[in-house]
Amino acid sequence: MYMSKLWLRLAFWCVCTAALCGVGFAAGHFVAPDGTPQGDGTAERPWDLATALRPHPAIRPMDTVWLRKGLYRGNFQSRLKGAPNAPVILRAYPRERAVLDGAENSRDTVLTVNGAWTWIWGLEIMNSNPVRSTSLPGPDTAGTRGTGLAVKAANVKVINSVIHDTGTGITFFRDAPDGEIYGTILFNTGWRAPDRPHGPSIYTQNKDGWKSIRDNVFFNSMRHNMQLYGSSQTFLDNYLIQGNVNFNGRWLTGGAGPMKHIRFEENMFYGNTAEFGYINRSNENLFARLNYLPVAVSILGWDRIEWRDNTVFRPENAASAVRIEFHAPASLTNSIVERNQYLVRDMNQAIASVVVVAEDQSKQTVQYPLTRWRSDLNFDLGGGILVLPGGRPQEPKVFVRRNHYEPDRAHVVIYNWTQQDEVEIDIPAMAPANGDRWTLRNVQNLFVEEMSGTYEGKPIRVPMKKWTAASPIGEELPVQPATFPEFGVFILTLERVKPATARSGAAFLVREGAPGSILLAEIPGLGAESAVAGSVDGETTLAGISVHLRDCSGQEAWARLLSTSPDSLAFVAPGDFAIGPMTITVQTNEGPLDGGSVFLQEVAPALFTMDGLDKGPAVGYAHSGQDEHPRALSACDGAKCYTVPVPAGGTDQGPILTLFGTAFRRYQPGMAASAFLYSRPAELVSIAADEAYPGLDLIRIRIPPAIPDRGPLPLRVTIGHFASNTVTIAVE
């Protein structure tokens, strides 16, 4: 390329030392309980919720509709609709409680989502009607409670919400492919009828695409916590079930028809069962790994299972923890069972029972202690057992799962097997700093019970005997008693004393980034040496610093570093990361530091300026003809940076400018794209990733011929409705 490495590093250095301010591309709109249809969606004149959800024509893909605190009474239909990789986000305003209450028409759904590419984030959805019973049997009778949230469109995400005291919590059926329920707390759902209780926390089916159910907390449903279920005419295919906490309620995956492709990973259960299969007997491909299951596990009717790295036991119970039922001999030989750990009372205790069902439906059951498990079936050669008194752990087990969408939030799961008065939790996964303010909220009485304190570099001591469980609305007692002191789940949040921030590495005002783009993180107290990567490919460690990244799908990677300074660093986001928030954790010799988070979107066009400031001199060069040497668009003299004039060209054809930017590279032909020089349209010749420098994009623009304007001129590029920052060029 034409520009020297030294000159480009200077551009990076200017970027890395620029201050942070401003806002990003996507618009924010406001809704309030006292908003009106005549409002304009500003914080001063908000809309009512129904007007926003209609949707209001001002709302575009990637915009956020903020719900201010208060009670929204009614039953709402959302027709908000985003675009591929550009969702519309319906979100509670930070640190405010926005509650949708469907009690006025108790039988109807509180919120129905009809538009694709919509994210529902941080809302509380409930039904305050105290009537929890009906005299008629069955799940579809008059007098039942309506669903809390019905998802009826593709690519919908439900994020970090709370759903309680509705009928069914969430319905998530075949008309909602490729959706996700993440970080949501579901409890006290259902109603009572003469035949039995009804109303699961989640009722779901799927055929096309994949559904993700990740990092949620399910408990105290009147029916099932999970009901992945259907008749022989339905489909139960393609689920990622990961990181969930399930207690005090049945977890049922299975129905009359076959299931296919179920991934069950890193889940934590207590006081219930884990069921994979019901009356269906032709299930395909169950993959389970890294789950903590101190419960009875039932695996029925699968053609093949992979069962890896799980911890399984039944406290105070000498029966085998796992029951597997096969309907074809090949299912047993085709399965992979390895590296699992079983807690038992003695060496001869069976860890699993295997039932083989013959064609005539006769059954042969074999109990397998570990030695026979290995010798007869070749299973768990790398696994093992722990012989413990009563088959119970002799110390607490604590999990801290950092939130993928809100990095200052986590679920803390405590198994207090020895029933200690207090349990210590350590939170290095959150990269806390001394002085950060922490709060723990007990999910079993979420709106009442919490504790807080200041992080002092030591584990947090959590008392385990003072907590309670909330009763369902309209009833005097909890669905099930509180699980303390043996088990507890908390939401942990941090308020950073010195918050880190992240933004596009190319633009002073651009807060977003894109996969494959250059980003800048400003981190108080980083204290790194000033350094620039010596390799054109970037380095994963620079000046003793490494940057760990995690996208909102849970994918993790080490960043390619471009530069470091005492309070900031520049790096490249992986090109295959998911659209949504990306968490940044900085590893130093002294330990991890919080690097903030940045929202990744498909494109987030940002142009480099020589001084790192918005409207500064553009970084790039001009080329007026094939044989002419390129001319730099800007230069610096000491601390001052300035534009270098370029000739406007003749009447037929103006010169081509090559601008340096980032987060353009996912531009595809067919996307709306334009360039404006001052107020005049300019030809956008090409957009391409630079082959030499990670994350750098080249944007080629032709100056309009015979342009009448002279002197410093503002220039910007727009892709879709995302406009870049404005840079300055000079035309002579």
Side-chain angles (χ1 to χ4, degrees), residues 23-105 108-128 146-163 166 170 176 179-181 184 405-406 512 579-581 599 601 720-722:
V23 296
F25 298 118
H29 311 278
F30 291 87
V31 167
D34 60 353
T36 67
Q38 293 74 39
D40 58 10
T42 62
E44 295 76 19
R45 298 182 62 228
W47 297 315
D48 63 291
L49 182 55
T51 296
L53 298 181
R54 191 168 292 130
H56 194 283
I59 301 170
R60 302 181 299 179
M62 288 305 302
D63 286 357
T64 298
V65 179
W66 295 105
L67 272 67
R68 301 309 302 261
K69 66 181 179 181
L71 190 63
Y72 297 80
R73 299 182 184 274
N75 306 89
F76 300 95
Q77 296 275 338
S78 172
R79 294 179 175 83
L80 296 170
K81 185 176 182 180
N85 295 312
V88 170
I89 302 172
L90 181 68
R91 185 176 181 184
Y93 197 77
R95 301 182 186 277
E96 294 189 1
R97 186 178 173 186
V99 183
L100 278 59
D101 183 0
E104 290 185 357
N105 196 346
D108 285 354
T109 298
V110 182
L111 175 63
T112 302
V113 180
N114 296 301
W117 292 100
T118 304
W119 291 9
I120 308 299
W121 191 336
L123 303 187
E124 181 183 342
I125 298 172
M126 51 90 75
N127 185 336
S128 64
T147 295
L149 176 64
V151 181
K152 294 190 173 184
N155 298 101
V156 171
K157 293 180 182 284
V158 180
I159 302 165
N160 295 346
S161 294
V162 178
I163 300 176
T166 59
I170 300 176
E180 178 176 51
I181 301 171
T184 293
Y405 289 86
E406 298 178 38
E512 290 81 10
I579 303 303
F599 197 100
Q601 54 197 41
H721 70 281
F722 298 132

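- Proximity of Pro94 to Trp66: side-chain heavy atoms (C-beta onward) are separated by under 4.5 Å at one or more points.
- Put simply, the side chain of Tyr72 does not reach to within 4.5 Å of the side chain of Leu111, judged on heavy atoms.
- The closest side-chain heavy-atom distance from Val88 to Met62 is not below 4.5 Å.
- In terms of heavy-atom proximity, Ala52 sits nearest to Trp47 at CB-CE3, 3.8 Å.
- Put simply, the side chain of Ile170 does not reach to within 4.5 Å of the side chain of Thr147, judged on heavy atoms.
- Under the 3.5 Å distance criterion, with hydrogens and angles disregarded, no donor-acceptor pair is assigned to the side chains of Asn127 and Thr166.
- A distance of 12.0 Å separates CD1 in Ile579 from CG in Asn155, rounded to the nearest 0.5 Å.
- Rounding to the nearest 0.5 angstrom, the gap separating the CG atom in Leu149 from the OG atom in Ser78 is 9.5 Å.
- Contact between Val162 and Thr184 at its shortest, heavy atoms only, is N-CG2, 4.4 Å.
- Residue pairs meeting the side chain to side chain donor-acceptor pair (under 3.5 Å) criterion with at least one member in residues 87-97, sequence neighbours excluded, are Arg68-Glu96, Arg97-Glu124.
- There is no side-chain donor-acceptor pair under 3.5 Å between Asn85 and Gln601.
- Taking OG1 of Thr112 as the reference point, atom CD of Gln77 lies at 4.0 Å (rounded to 0.5 Å).
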May I have the list of side-chain donor-acceptor pairs in residues 29-39 shorter than 3.5 Å, sequence neighbours left out?
from	atom 1	to	atom 2	distance (Å)
His29	NE2	Asp63	OD2	3.0
Thr36	OG1	Gln38	N	3.4
Thr36	OG1	Gly39	N	3.2

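- By the 4.5 Å heavy-atom criterion applied to side chains, Glu406 and Pro581 are not counted as neighbours.
- Here the side chains of Met126 and Leu100 are not in contact, with every heavy-atom distance at 4.5 Å or above.
- In this structure, Ile120 CD1 and Asn160 CG are separated by 13.0 Å, a value rounded to the nearest 0.5 Å.
- Shown here for Gly122 and Ser161, the closest heavy-atom pair between the two residues is N-OG, 3.3 Å.
- Between the side chains of Trp119 and Glu180, no donor N or O sits under 3.5 Å from an acceptor N or O.
- Although no hydrogens or angles enter the test, the distance criterion places no donor-acceptor pair under 3.5 Å between the side chain of His56 and the main chain of Asp40.
- A 4.5 Å side-chain heavy-atom check between Trp121 and Leu90 finds every atom pair outside the cut-off.
- The closest donor-acceptor contact from the side chain of Asn114 to the backbone of Arg79 lies at 3.5 Å or more, if one exists at all.
- Annotation: side chain of Ile59 is in contact with side chain of Leu80 (closest heavy-atom distance under 4.5 Å).
- When every heavy atom of Leu53 is checked against every heavy atom of Phe76, the shortest pair comes out as CD1-CB, 3.8 Å.
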